[in-house]
Amino acid sequence: MEKNKMVNFSVDELIDNTRKKTANPGGGAVTSLVGNLGLNLILMMAKKDYGDERLNKKSQKLEKKFKKYADELKDLMQEDIDKVNVLIKAYKDDHINDYDKYIIDANKAPKRTIELMIIVLQDCDFILKHGNIAAISDGEIGLRLVKEAIHSSFINLIMNEECISDKNHKKTNYKSIINFCDKLYKDNMKIIKEREKKWDK
C-alpha cells in the first residue's frame, strides 16, 4: 500500500492533506472524489429485485457500468494529483519555457471526470425512477454532487487552458457542456420530485 496515494488515505488524512499546499489532493482530485461519492449515492437506490427479470437485468448492467466508473474515478483522483504536481515543477524549472504539454496533461483527468459525470446524468434516470424510494434523499444528494463535479471540474480546466500558448489549440466548449449538464440535472430532479410527491400520499 502506497501511503501517499489519495485512495489509501484515512478520512482524517484526507481532510488534513486537503488544507496543505502540496496539492495532494488539490481541487481537481477532490472534485473527482465528489463525483465518485455522488454516483455511489445514486447506486444506493438500486434494488436487488425489481419484480421483473427485464428490469433486474437492466439494473445489473447499469450497476456494473457505474462501479467501473467509480474505479476509474479513483485512478483519476491520483492522476490529477500527479499531473498537477508535474505542472507545478515545470513552472518552477528555469530551463522550461513551454508549458503547453504539461498543461494539456494536467487537464486530462478533469476532462475525463466531466465525461463520466455526463454519462451518469444520462443513465441514472432508470435508478431514480425504479429504485428504492426509501433512499430517494440519498439519490437526490448524489445527483447534486454529480452535477457539482461537472461544474467544479471546469474551474481548473478553463484556467489552465487560458495559459496554453499554442493559438491552434482547441479549447473546451464550456457553455454547451454546462447547458447540457444542467438540462440533464433538471430532468432527473423532476423524476425525484414526482416520486417524492407520490410517496407523500
Side-chain angles (χ1 to χ4, degrees), residues 1-46 62-93 96 99 101-121 123-124 127 131-132 134-163 172 178 181 185:
M1 183 185 289
E2 294 183 50
K3 192 162 176 61
N4 281 333
K5 276 202 162 190
M6 183 179 169
V7 73
N8 294 327
F9 289 165
S10 68
V11 174
D12 279 347
E13 287 170 334
L14 177 61
I15 292 168
D16 289 345
N17 280 2
T18 300
R19 64 172 167 263
K20 293 178 182 176
K21 306 294 187 288
T22 52
N24 186 25
V30 170
T31 298
S32 295
L33 173 61
V34 166
N36 205 341
L37 293 171
L39 82 83
N40 277 287
L41 278 171
I42 292 169
L43 277 177
M44 194 187 286
M45 287 187 67
L62 198 55
E63 283 184 65
K64 187 177 178 182
K65 184 178 180 181
F66 278 16
K67 285 173 184 175
K68 185 181 174 185
Y69 292 164
D71 287 339
E72 185 176 349
L73 284 161
K74 290 178 191 176
D75 293 334
L76 288 171
M77 294 186 309
Q78 193 59 46
E79 181 184 332
D80 184 87
I81 291 166
D82 295 341
K83 294 295 173 65
V84 167
N85 278 308
V86 169
L87 176 60
I88 291 169
K89 284 179 184 175
Y91 277 132
K92 291 177 179 177
D93 190 331
I96 298 173
Y99 308 107
K101 174 187 179 298
Y102 302 99
I103 294 169
I104 290 165
D105 278 351
N107 276 355
K108 286 178 182 175
K111 277 188 173 182
R112 181 57 179 161
T113 295
I114 291 167
E115 288 172 3
L116 292 177
M117 295 298 95
I118 289 287
I119 297 169
V120 170
L121 286 180
D123 291 352
C124 71
I127 295 174
N132 184 2
I136 195 76
S137 62
D138 301 292
E140 180 173 343
I141 292 167
L143 185 64
R144 289 175 184 271
L145 292 180
V146 167
K147 183 195 82 164
E148 188 52 48
I150 294 168
H151 280 257
S152 295
S153 289
F154 272 111
I155 296 171
N156 286 337
L157 198 57
I158 292 168
M159 184 179 71
N160 286 342
E161 284 189 349
E162 290 300 320
C163 298
T172 308
I178 285 295
C181 157
Y185 171 77

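Here, residue 1 is the first one in the sequence, and each next residue gets the next number. Atom set for the values below is all heavy atoms of this structure, side chains included, hydrogens, waters and symmetry mates excluded.
Applying the salt bridge (charged side-chain N to carboxylate O under 4.0 Å, His left out) rule to pairs touching residues 136-154 yields Glu140-Arg144, Glu140-Lys193, sequence neighbours excluded. Within the structure, salt bridge (charged side-chain N to carboxylate O under 4.0 Å, His left out) contacts touching residues 74-89 (residues at least two apart or in different chains) are Asp71-Lys74. Sorted by first and then second residue, the pairs that involve residues 137-162 and meet ring-ring contact (aromatic ring centres under 6.0 Å, His included), not counting sequence neighbours, are Phe154-Tyr174.
Within the 4.5 Å cutoff, no side-chain heavy atoms of Ile96 are placed close to those of Lys101. The closest side-chain heavy-atom distance from Asn156 to Asn107 is not below 4.5 Å.
Under the side-chain contact (heavy atoms from CB on, under 4.5 Å) criterion, Lys68 pairs with no residue at all, not counting sequence neighbours. Contacts of Thr31 classified as side chain to side chain donor-acceptor pair (under 3.5 Å), with partners at least two apart in sequence or in another chain: none. Residues meeting the side-chain contact (heavy atoms from CB on, under 4.5 Å) test with Lys20, sequence neighbours left out: Asn17, Thr22. Listed by chain and residue number, Asp105 satisfy the side chain to side chain donor-acceptor pair (under 3.5 Å) test with Lys108 (two or more places apart in sequence, or in another chain). For Thr172, the side chain to side chain donor-acceptor pair (under 3.5 Å) partners are Glu161, not counting sequence neighbours. Residues that satisfy the side chain to side chain donor-acceptor pair (under 3.5 Å) test with Asn85, not counting sequence neighbours, are absent from this structure. Residues meeting the ring pair (Phe, Tyr, Trp, His ring centres under 6.0 Å) test with Tyr99, sequence neighbours left out: Tyr91. Under the rule for a side-chain contact (heavy atoms from CB on, under 4.5 Å), the partners of Asp16 that lie at least two apart in sequence or sit in another chain are Arg19. A search for side-chain contact (heavy atoms from CB on, under 4.5 Å) contacts involving Ile141 returns Leu41, Leu145, not counting sequence neighbours.
Considering CE of Met44 and CG of Asn40, their distance stands at 8.5 Å, rounded to 0.5 Å.
Nearest approach of Asn36 to Ala70, heavy atoms of both residues: ND2-O, 2.9 Å. The two residues Pro25 and Phe9 make their nearest non-hydrogen contact at CD-CE1, 4.2 Å. Scanning both residues, Ala46 and Ile127, for their nearest heavy atoms gives N-CG2, 4.0 Å. Counting all heavy atoms, side chain and backbone alike, Ile150 lies closest to Cys181 at CD1-SG, 3.7 Å. Minimum interatomic distance between Val120 and Ile42 (heavy atoms only, all atoms of both residues): CG1-CD1, 4.2 Å.
Proximity of a side-chain donor or acceptor of Glu63 to a complementary backbone N or O of Leu43 within less than 3.5 Å is not detected.
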